[in-house]
Amino acid sequence: MTELMAVDQVCASGDDRYHLLFNNMLEGFAYCRMLFEEDSPVDFIYLDVNDSFERLTGLSDVVGRKVSDVIPGIRETSPDLFESYGRIALGGAPERFEYYVKRLGIWFSLSVYSAGESCFVAVFDNITERKLAIESLLSMQASLETRVHQRTAELEDLVEHHKRTAAELFRLSQVVSQSTSMIYMTTLDGAIVYANAEFERVTGWSQAEALGRNPRILKSSNTPPEVYADLWRTIGSGQTWNGEMEDLCKDGQQFWAQVKISPLRDQAGCITHYVATHDNITERKEAERRVHQAAEQAEVANRAKSEILANMSHELRTPLNAIIGFSSMMKELIFGPLGHAKYTEYARDINDSAGHLLELINDILDVSAIEAGEFKLYEESLDIGEVLTTCVRLIGPRAEKGLVAVRMEIPSSLPRLYADARRLKQIVLNLLSNGVKFTPEGGTVSVTAATDAAGGLSIVVVDTGIGMDQAGIAKAIQRFGQVDSQLGRKYEGTGLGLPLTKSLVELHDGELRIESHKGKGTKITVSMPVSRVTSEWMS
């Protein structure tokens, strides 16, 4: 009530501050009378508009004219707009909506209020650019389900004639006080002299607390100082400043805001105040961040695709060339009729190459099945000692060829493990194979198993090989990732073994941990949870 009495007093005294406020506002303002035929809205007449009207609509000299004369055909193209205006003009509740005027090719954000006697007040902004920006953002990322709804319902001084009644001035002042945008007005030295209800709701500062304070109460340390410097430089030169910054609430919370600060001028053209509007655009900023992140991920995926193609091309082509080459020599009887010792050697090479190809294809199929969620485990109670002994025996020939010693150490008794026997062997064999592959001649690879403090069971593989740094570990556990990805690398492989092993461990509810240092070897621990340790002990 205090604010309403102040408006009446301003009107009665002839004070034109509210006239100046609405005259200088960046949003458009139109005061209109609705025309009815048989209780149906058929047209309306512009009684008054502000200076921003022509800039936002492209229409001029509209006062005293019917909208059907100003925008021919609008009644046919926008019948629902007339229904809304007619309903509000007859005393209906205020409405806020967005509308596309096809004849003008413009999107408007509208706040419409009843003005009595079949009249209404429309406060609007041209949001065509915002609409286009939202459509562009949505088209860049189809799965991005966000609505970036920027409300820029800026209200500045409306030109009002001194003949306006106190009631008319009150209705116009309500447009500012009830705006969905934060609005405040300052003196030239930055003291806040007005703040609307949205300012109080969003920032937590009441109008009484804000009055007399500097807008720096909203200043966030995350906004660079040069932004504020540009702001003061712009409005100091009499221009409107537009930009984005992080605002600070009274309770310390922060939010992104689209900010417009404009100078207010008196009838002589002198700047007397500054009016600022802040709209919360946190949702839009988050959407932009996700789009940027998606673009970065797409770039990473593109690089990964090239590396995958290079790795797989190299790995698949080598055994295929061996199979084709040696079988061709056998087919052409290069060393005479079959039976020559060389053919036996070729047959062994063909068999080894085919086996290598089968391993590659099986790894690729396993990875695909895991990614598709179609991988199944066939679980049973297993003797860990037997599983490890089998794996050490199978890796033996490869270790002997590389002159690497393989050792196994397990307690005399271990609990049995509920797991998929084939996949558990695959896990241990992959770890032993990597250890042997990356350990130089004379080195050692060891495998141990024991219960841990939590009652689970751990299998540990340690080698004295080349080791990795942290970046190498991160690369190694990525699918198709290799510490040395060049085609001429010393150690062959698709980069599927370790990631596949990690996935198999996790399918068993376990965890795979890697400790490694360059030149000092690698330690890999597979921890199975207590839920998979059975009460039956091996003898």
Side-chain angles (χ1 to χ4, degrees), residues 296-316 318-319 355-377 391 394-395 398 419-420 422-439 445 447 458-463 465-487 489-518 521-529:
E296 289 183 342
Q297 291 174 346
E299 178 62 25
V300 170
N302 187 53
R303 290 197 301 269
K305 178 193 69 175
S306 299
E307 188 167 322
I308 290 170
L309 291 175
N311 289 346
M312 296 308 297
S313 173
H314 178 76
E315 290 298 323
L316 295 175
T318 300
H356 179 53
L357 267 180
L358 181 60
E359 289 179 3
L360 295 178
I361 293 170
N362 283 338
D363 282 351
I364 293 171
L365 292 176
D366 285 346
V367 168
S368 299
I370 291 173
E371 288 184 342
E374 299 178 355
F375 196 91
K376 294 182 179 180
L377 296 177
C391 293
L394 290 174
I395 205 66
R398 187 179 303 179
D420 186 316
R422 177 167 171 256
R423 299 308 180 181
L424 187 60
K425 289 178 183 178
Q426 187 176 358
I427 290 170
V428 177
L429 279 173
N430 277 343
L431 297 180
L432 290 174
S433 177
N434 275 350
V436 170
K437 180 167 64 172
F438 294 109
T439 298
V445 176
V447 58
S458 296
I459 301 171
V460 182
V461 176
V462 180
D463 66 59
I466 61 176
M468 299 174 286
D469 56 17
Q470 290 301 312
I473 293 175
K475 180 76 172 176
I477 60 176
Q478 295 177 1
R479 288 186 174 89
F480 300 100
Q482 292 175 326
V483 179
D484 178 7
S485 62
Q486 302 301 314
L487 290 181
R489 61 189 179 275
K490 179 180 178 181
Y491 305 100
E492 300 294 336
T494 61
L496 283 175
L498 197 55
L500 176 57
T501 300
K502 182 174 183 294
S503 296
L504 290 174
V505 171
E506 291 171 350
L507 284 173
H508 283 83
D509 310 311
E511 179 185 8
L512 184 144
R513 299 188 301 276
I514 303 175
E515 303 172 45
S516 187
H517 300 279
K518 273 197 169 183
T522 300
K523 175 183 177 182
I524 301 181
T525 302
V526 174
S527 298
M528 293 296 186

Atom [atom1] of [X] and atom [atom2] of [Y]: how far apart are they, to the nearest 0.5 Å?
X	Y	atom1	atom2	value
Lys425	Asn430	NZ	CG	14.0 Å
Ile466	Thr522	CD1	OG1	7.5 Å
Ile524	Ser516	CD1	OG	8.0 Å
Arg423	Leu377	CZ	CG	8.0 Å
Ile427	Arg422	CD1	CZ	12.0 Å
Ile395	Lys437	CD1	NZ	10.5 Å

State, to 0.1 Å, how close [X] and [Y] come at their nearest heavy-atom pair, and which atoms those are.
X	Y	answer
Val436	Val445	N-CG2, 3.8 Å
Asp420	Lys376	OD2-O, 4.2 Å
Ser458	Ser527	OG-OG, 3.5 Å

Salt-bridge contact Arg513-Glu511 (side-chain N to carboxylate O under 4.0 Å):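 Glu511 and Arg513: salt-bridged.
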Check: Leu498 and Ile514 side chains under 4.5 Å, non-hydrogen atoms: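 In contact.
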Side chain proximity check, Arg398 to Leu432, heavy atoms < 4.5 angstrom: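 Side chain of Arg398 against side chain of Leu432, heavy atoms only: no contact under 4.5 Å found.
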Leu500/Gln426 under side chain to side chain contact (heavy atoms under 4.5 Å, CB included): CA gap, chis, key distance, verdict: CA-CA 9 Å; Leu500 176 57; Gln426 187 176 358; 3.5 Å; yes
Residues forming a side-chain contact (heavy atoms from CB on, under 4.5 Å) with Val462, sequence neighbours excluded: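 side-chain contact (heavy atoms from CB on, under 4.5 Å) check on Val462 returns Ser446, Val460, Lys523.
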